[in-house]
*Asks:* 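This is the structure I have questions about; it appears just below.
From a predicted model like this one, the values you see are computed outputs, not experimental measurements. Position 1 is the first residue of the sequence; numbering continues from there.
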Amino acid sequence: MTSPALMADLPLPCNGSPALCSLPVSSVVFPGVHNAMSSQADGFQAPNNLLSMEDALDAGIRALQLDSCDCGSTVLQMCHGECHYFGFIKLGHRDPLTVFSNIKAFLDDNPREVIVIDLQVNHGTLDALYYNVLDTIPGFTEMMYQHPRRRDPWPTLGTLIDANQRILFFQHNGNNCRIEGGCPPGIMGTFQHMFDTPWDLDEGGLLDFDRSCTKNRGLANAQLMLSNHFADEGLFPSLEISRNVNQLSVSRDRHEYCREKLEKEVNVILVDFWSMGGVIEYAKEENERRAGGFTLGTNVTDEAIVMPQRTTLSPSPRPSQAPSKKPSDTPSTSPSTFPSSSPSKMPSIADTTSASPSKDMQGGRSVIAASDTVIAAASSQNTAASGAKAAVAARGACLIMMLACAHL
């Protein structure tokens with residue numbers, strides 16, 4: 001058994017490894033989840049994931065792409081573009097206060113972790129989310145890092161952890177963060193700092209690396225690269241496609257090709273059905289490779305790291321209980337309200353097996369490990385989900401006949 005004195009002399013980790021403390025954000029890989037709020041566990045139709053966002057964090061996911069939207073009656077929710085299809089078919093949604101309270105709880109329980117959040121804003125909901133949700137969670141907004149200028153070098157993970165600014169919060173489709181005061185404090189424009197790869201490819205397109213390794217949205221000289229490493233089957237997320245493209249060998253081959261073609265290392269990798277495949281393992285081995293070229297305890301750039309002057313508060317008491325995990329059809333009692341607006345796009349639906357609620361924050365969460373239990377749980381659900389492809393095809397045909405959909 002290692003003595004306490006010896007343990008005290010060991011270097012502290014950053015995102016799981018001491019070697020990553022000296023890497024700047026622009027050299028780190030954050031394994032991520034596409035539409036992280038959308039899961040079978042949380043009762044979504046046509047879910048992007050089997051297991052919940054909270055399970056993803058526990059397993060080692062460090063980037064979350066989330067959608068905010070207007071569910072009508074001035075109720076703010078986290079959903080995949082829309083809460084209902086044709087106004088009456090429920091697609092699924094989660095309460096934003098629960099979602100972000102649970103993210104904060106994870107960070108409180110794991111003080112050496114830095115995460116990326118990329119918010120897709122629907123229906124002009126950014127300000128409502130910030131002021132009515134994020135700003136009401138004790139200590140959340142104080143943990144959000146604000147990068148001073150687009151061309152400034154990014155701080156190291158160790159610097160962010162020491163400053164307790166461990167949330168890198170980006171948004172797109174919402175406010176213009178390029179103008180002063182355009183976005184709330186601590187929220188950065190996704191495509192001001194990143195470029196991404198195409199997000200609308202089928203499986204063949206994704207596996208055609210010359211097509212999928214192209215710059216899509218964002219500035220060509222952005223310091224960060226976001227890889228959309230997922231493919232849909234028509235309107236719906238595909239379990240079968242994800243099982244294939246999420247393989248460790250595919251991630252290795254595609255991102256090596258992208259690195260050579262684009263002359264840029266990937267920073268955020270977004271996948272569907274994160275519990276299948278090797279995105280977490282790929283990020284771990286890639287981070288170890290990159291850290292091998294750096295000296296522990298030093299910055300990797302000769303340029304000064306500029307940390308913005310933000311008020312740092314003393315840690316606030318943790319809430320003893322999170323809001324109700326699964327919102328009902330009645331209007332939310334939280335202050336997450338805003339003027340409603342018209343929907344911007346039509347999402348997809350599909351049959352899934354019945355889902356059980358995922359866990360809520362209960363005043364404390366387990367310190368993470370590479371959760372074999374979490375991954376094993378996904379495997380047990382795969383059998384039930386394997387018949388979804390046929391159901392998806394039937395539902396897709398039904399969408400053409402709107403009247404028939406009411407009976408599904």
*Asks:* Yes or no on side chain to side chain contact (heavy atoms under 4.5 Å, CB included) for Val245 and Glu203, after CA distance, side-chain angles and deciding distance?
*Replies:* CA-CA 8 Å; Val245 302; Glu203 183 178 14; 4.2 Å; yes
*Asks:* If you measure only the distance, is there a donor-acceptor pair under 3.5 Å linking the side chains of Thr197 and Asn216?
*Replies:* no
*Asks:* Go through the steps to decide whether Tyr130 and Met144 satisfy the test side chain to side chain contact (heavy atoms under 4.5 Å, CB included), and finish with yes or no.
*Replies:* CA-CA 12 Å; Tyr130 184 90; Met144 293 165 60; 4.1 Å; yes
*Asks:* Considering only the SG atoms, does Cys71 lie under 2.5 Å from Cys79?
*Replies:* no
*Asks:* Are the aromatic ring centres of His147 and Tyr145 under 6.0 angstrom apart?
*Replies:* yes
*Asks:* Do Asp67 and His80 pair up side chain to side chain, a donor and an acceptor below 3.5 Å, judged on atom types alone?
*Replies:* no
*Asks:* Does the pair Leu51 and Ser275 meet the rule for a side chain to side chain contact (heavy atoms under 4.5 Å, CB included), with working shown?
*Replies:* CA-CA 7 Å; Leu51 303 183; Ser275 53; 4.2 Å; yes
*Asks:* State whether the side chain of Gln171 and the backbone N or O of Asn175 hold a donor-acceptor pair below 3.5 Å, judged by distance alone.
*Replies:* yes
*Asks:* Any donor and acceptor pair, going by atom type alone, linking the side chain of Gln77 with main-chain N or O of Asp70 inside 3.5 Å?
*Replies:* no
*Asks:* Got Phe30 and Val25 here, is their nearest side-chain heavy-atom distance under 4.5 Å?
*Replies:* yes
*Asks:* Gln40 side chain to Leu50 main-chain N or O, any donor-acceptor pair under 3.5 Å?
*Replies:* no
*Asks:* Under the 3.5 angstrom rule, does the side chain of Lys215 hit a backbone N or O of Phe195 as a donor-acceptor pair?
*Replies:* no
*Asks:* Side-chain contact test, heavy atoms from C-beta onward, threshold under 4.5 Å: evaluate it for Gln146 versus Phe169 and give yes or no.
*Replies:* no
*Asks:* Picking from Ile103, Asn110, Asp108, Asp109, what satisfies side-chain contact (heavy atoms from CB on, under 4.5 Å) with Phe106?
*Replies:* Asn110
*Asks:* Do Pro198 and Arg211 come within less than 4.5 Å of each other through their side chains, counting heavy atoms only?
*Replies:* no
*Asks:* Is the distance between the ring centroids of His229 and His34 under 6.0 Å?
*Replies:* no
*Asks:* Drop me the distance from Thr190's OG1 to Leu119's CG, to the nearest 0.5 angstrom.
*Replies:* 8.0 Å
*Asks:* Of all heavy-atom pairs between Ala46 and Pro237, which one has the smallest distance, and what is that distance?
*Replies:* O-CG, 3.7 Å
*Asks:* So Leu224 and Phe170, do their side chains get closer than 4.5 Å, heavy atoms only?
*Replies:* yes
*Asks:* Would you say NZ of Lys284 has more than 12 non-hydrogen atoms from neighbouring residues, nucleotides or ligands within 6.0 angstrom?
*Replies:* no
*Asks:* Counting N and O atoms only, with roles assigned by atom type, does the side chain of Ser101 sit under 3.5 Å from a partner on the main chain of Leu97, one being a donor and the other an acceptor?
*Replies:* yes
*Asks:* Within the distance-only criterion (no hydrogens, no angle test), does the side chain of Asn173 pair as donor or acceptor with the backbone N or O of Asn122 below 3.5 angstrom?
*Replies:* no
*Asks:* Check whether any side-chain heavy atom of Leu64 sits under 4.5 Å from a side-chain heavy atom of Leu57, and report yes or no.
*Replies:* yes
*Asks:* Output yes when Glu286 and Arg290 qualify as a salt bridge under the 4.0 Å nitrogen-oxygen rule, no when they do not.
*Replies:* yes
*Asks:* Measuring from atom CZ of Phe191 to atom CG of Leu219, what distance do you get when rounded to the nearest 0.5 angstrom?
*Replies:* 10.5 Å
*Asks:* Hey, is Arg166 close enough to Glu113 for a salt bridge, meaning N to O under 4.0 Å?
*Replies:* no
*Asks:* Is the backbone of Leu206 close enough, under 3.5 Å, to the side chain of Ser212 for a donor and an acceptor to pair up by distance?
*Replies:* yes
*Asks:* Please name the pair of heavy atoms, one in Pro18 and one in Pro11, separated by the smallest distance, quoted to 0.1 Å.
*Replies:* CG-O, 3.7 Å
*Asks:* Please determine whether side-chain hydrogen bond (donor to acceptor under 3.5 Å, both in side chains) holds for the pair Asp162 and Thr159, giving the CA-CA distance in whole Å, both sets of side-chain angles, and the decisive distance to 0.1 Å.
*Replies:* CA-CA 5 Å; Asp162 290 344; Thr159 301; 5.9 Å; no
*Asks:* As an exercise, state the distance from CG of Asp55 to CG of Asp42, rounded to the nearest 0.5 Å.
*Replies:* 9.0 Å
*Asks:* Under 4.5 Å between any side-chain heavy atoms of His255 and Ile269, yes or no?
*Replies:* yes
*Asks:* Do Asn221 and Arg150 touch side chain to side chain, with heavy atoms closer than 4.5 Å?
*Replies:* yes
*Asks:* Using the rule side-chain contact (heavy atoms from CB on, under 4.5 Å), only one of Leu270, Val271, Asp272 pairs with Trp274; which is it?
*Replies:* Val271
*Asks:* If only side-chain N and O atoms count, and only distance matters, is there a donor-acceptor pair under 3.5 Å linking Ser38 with Arg94?
*Replies:* no
*Asks:* Can you confirm whether or not the ring centre of His93 sits under 6.0 Å from the ring centre of Phe44?
*Replies:* no
*Asks:* To the nearest 0.5 Å, what is the distance between CD on Glu263 and CE on Met225?
*Replies:* 12.5 Å
*Asks:* Is the backbone N or O of Phe140 less than 3.5 Å from a side-chain atom of Lys104, with the two atoms forming a donor-acceptor pair by type?
*Replies:* no
*Asks:* Output yes when a side-chain donor or acceptor of Asn287 lies under 3.5 Å from a complementary backbone atom of Val29, and no otherwise.
*Replies:* yes
*Asks:* Which heavy atom of Pro47 sits nearest a heavy atom of Ser39, and at what distance?
*Replies:* CB-C, 3.6 Å
*Asks:* To the nearest 0.5 Å, what is the distance between CD1 (Ile115) and CG (Leu160)?
*Replies:* 12.0 Å
*Asks:* Quick one: does Asn246's side chain have a donor or acceptor within less than 3.5 Å of a partner on Gly278's backbone?
*Replies:* no
*Asks:* Would you please test Leu226 and Asp118 for side chain to side chain contact (heavy atoms under 4.5 Å, CB included) and show each step?
*Replies:* CA-CA 10 Å; Leu226 184 154; Asp118 178 34; 4.1 Å; yes
*Asks:* For a quick test of reading the model, state the closest non-hydrogen atom pair linking Ile61 to Pro31 and the distance between them.
*Replies:* CG2-O, 3.5 Å
*Asks:* Can you tell me how far apart CZ (Phe100) and CG (Leu66) are? Round to the nearest 0.5 Å.
*Replies:* 5.0 Å
*Asks:* Within a strict 4.5 Å, meaning less than it, do heavy atoms of the Ser251 and Gln247 side chains meet?
*Replies:* no
*Asks:* On a heavy-atom basis, which atom in Asn102 and which in Glu54 lie closest, and how many Å separate them?
*Replies:* ND2-OE2, 2.7 Å
